[in-house]
Every structure is written in structure tokens, then in C-alpha cells.
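Index from 1, following the sequence. Quick caveat, the model's predicted, so the values are computed rather than measured.
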Amino acid sequence: MLRNILAAIVGYIAMAAVLFALFSLLWLTVGPSRAFQPGSWEVPGGWALGSGVLGLVAAYIGGRVCARVAHDARAATILIAIVIVLGVVRALMPVEMPAGPRPDDVSMMEATAGAVHPAWFNWLNPLIGAVGVWFGSRKLRA
């Protein structure tokens with residue numbers, strides 16, 4: 001059981017690392033002018049859709065890593081539970097709007113801290129993660 005818990009934690013860390021790398025590349029590609037609505041901290045639908053795709057890819061990779069480390073299929077179930085619980089907690093947290101309009105030039109860290117996603121995306125995100133982990137860990141269920 002300890003190996004399954006470790007596999008889930010390692011899978012989650014892999015998801016976080018992949019998300020950081022993918023979002024860094026996306027940010028460098030599109031910049032703040034296309035990552036936010038003009039003068040606002042709200043993200044447009046295209047960014048939210050891209051975030052969903054990147055989240056699915058990262059969750060898939062996290063599921064694959066979990067499957068490599070795991071003893072059995074329970075590790076993937078643990079990782080899916082972690083993704084859902086943390087995602088729901090994040091969706092329930094009140095959205096803190098940054099003070100004032102968004103400056104034209106913001107760093108990626110400022111953008112990450114200040115970005116306001118649509119409410120529907122915050123609820124869809126844990127489901128996207130769970131599906132990605134499920135597909136990524138399918139080796140365990142075979």
C-alpha cells in the first residue's frame with residue numbers, strides 16, 4: 001500500500017512539473033496580450049480551452065508515471081482521488097480579484113497568481129485531470 005501512495009504522490013509531482021513546463025511554453029508563445037482579456041485579469045475562452053488540453057496532457061503523463069511506480073491499480077485510484085479533491089477545493093475557494101486593471105507587461109508568476117478563469121472551468125478542471133490520469137494509468141487496469 002505504501003508503494004501505491006508513493007506512486008500517486010510521484011504521479012502528482014510529475015503532473016505539476018509537466019503543467020509548469022507546458023504553461024511556460026504557452027505563456028512564452030502567446031504572451032499577456034492573448035492570455036488575458038484587454039486590460040483585465042480574466043482569461044479568454046481560448047486560453048481556458050488550451051488550459052484544459054494542457055491539463056489533460058499533464059494528467060495523462062502523471063497517470064503514466066503513477067502506473068510505472070505503482071504496485072497495482074489502487075495507485076491510480078488514489079491519484080484520481082487526489083486530483084478530484086484538490087480540484088474541488090480549488091473550485092470552492094473564493095476568487096480574489098487583483099486590484100486595478102492588468103498592466104500590459106506582467107510576468108508569468110504574476111499572471112498565474114492574478115488570472116481569473118471562468119467558474120465553469122474551475123469545476124471542469126478536476127474532471128479533466130481525473131480522465132487524464134485514468135487514461136494514463138490504463139496499463140494498471142489491463
Side-chain angles (χ1 to χ4, degrees), residues 2-71 73-142:
L2 186 59
R3 185 169 176 173
N4 286 334
I5 294 170
L6 177 65
I9 292 170
V10 170
Y12 191 82
I13 292 169
M15 285 175 55
V18 169
L19 275 174
F20 180 79
L22 292 176
F23 273 104
S24 296
L25 288 173
L26 183 62
W27 178 257
L28 290 173
T29 303
V30 302
S33 63
R34 294 198 337 242
F36 293 104
Q37 301 285 358
S40 169
W41 288 96
E42 294 180 20
V43 298
W47 181 270
L49 180 65
S51 296
V53 170
L54 295 182
L56 185 64
V57 169
Y60 178 85
I61 292 170
R64 298 300 297 168
V65 169
C66 179
R68 286 239 179 216
V69 176
H71 180 66
R74 285 180 287 192
T77 304
I78 294 168
L79 180 55
I80 289 169
I82 290 170
V83 167
I84 290 173
V85 168
L86 292 179
V88 168
V89 167
R90 172 80 172 111
L92 289 173
M93 291 174 58
V95 177
E96 295 180 25
M97 296 289 286
R102 179 186 53 82
D104 289 338
D105 189 30
V106 294
S107 71
M108 190 178 98
M109 293 303 164
E110 291 172 320
T112 301
V116 178
H117 289 86
W120 60 265
F121 179 77
N122 293 331
W123 287 102
L124 185 62
N125 210 20
L127 297 175
I128 290 170
V131 168
V133 169
W134 187 80
F135 278 109
S137 65
R138 70 177 184 259
K139 171 191 132 192
L140 290 173
R141 295 183 308 277

Can you measure from CD1 (I82) to CD1 (I5) and round to the nearest 0.5 angstrom?
8.5 Å
Closest contact, heavy atoms only, V83 versus A130:
CG1-N, 3.8 Å
What's the spacing between L49 CG and L124 CG if we round to 0.5 Å?
10.0 Å
Between the side chain of R64 and the main-chain N/O of G136, is any donor-acceptor distance below 3.5 Å?
yes
Audit row: L22, V57, side-chain contact (heavy atoms from CB on, under 4.5 Å) steps and yes/no:
CA-CA 9 Å; L22 292 176; V57 169; 4.0 Å; yes
dist T112:OG1 -> M109:CE (nearest 0.5 Å) comes out at 6.0 Å
Do side-chain atoms of R3 reach the backbone of V69 as a donor and acceptor pair under 3.5 angstrom?
yes
With a 6.0 Å cut-off (strictly less than), is the heavy-atom count around CG of L28, excluding the residue itself, greater than 12?
yes
Closest non-hydrogen atoms of L54 and L19, given as atom of the first, atom of the second and distance, are O-CD2, 3.9 Å
Please round to the nearest 0.5 Å and tell me the distance separating atom CH2 of W134 and atom CG of L79.
14.5 Å
Heavy-atom pair with the smallest gap, counting every atom of A8 and I78
CB-CG2, 3.5 Å
Could you report the tightest heavy-atom contact between E110 and W41, atom names first, then the distance?
O-CZ3, 3.6 Å
Looking at Y12, I'd like to know if its OH atom is crowded, meaning that more than 12 non-hydrogen atoms belonging to other residues, nucleotides or ligands lie closer than 6.0 Å.
no
Inter-residue atom distance N125.CG - H117.NE2, 0.5 Å rounding
8.0 Å
Do you know the tightest heavy-atom contact between I128 and A59?
O-CB, 4.4 Å
Exam field: side chain N4 to backbone A70, donor-acceptor pair closer than 3.5 Å
no
Straight-line distance of I9 CD1 to C66 SG, nearest 0.5 Å:
10.5 Å
Assign the ring pair F23 / W47 to parallel, tilted or perpendicular, where the plane angle (0 to 90°) is split at 30° and 60°.
tilted
Option passing side chain to side chain contact (heavy atoms under 4.5 Å, CB included) with V88 (candidates V85, L86, I84)
I84
Kindly indicate whether the side chain of T77, heavy atoms from C-beta on, has any atom under 4.5 Å from the side chain of S137.
no
Exercise: identify the closest heavy-atom pair between W27 and A35:
CZ3-CB, 3.6 Å
Apply side-chain contact (heavy atoms from CB on, under 4.5 Å) to M15 and Y60, showing your working.
CA-CA 8 Å; M15 285 175 55; Y60 178 85; over 6 Å; no
For the residue pair S40 and R102, establish whether any side-chain heavy-atom pair is separated by less than 4.5 Å.
no
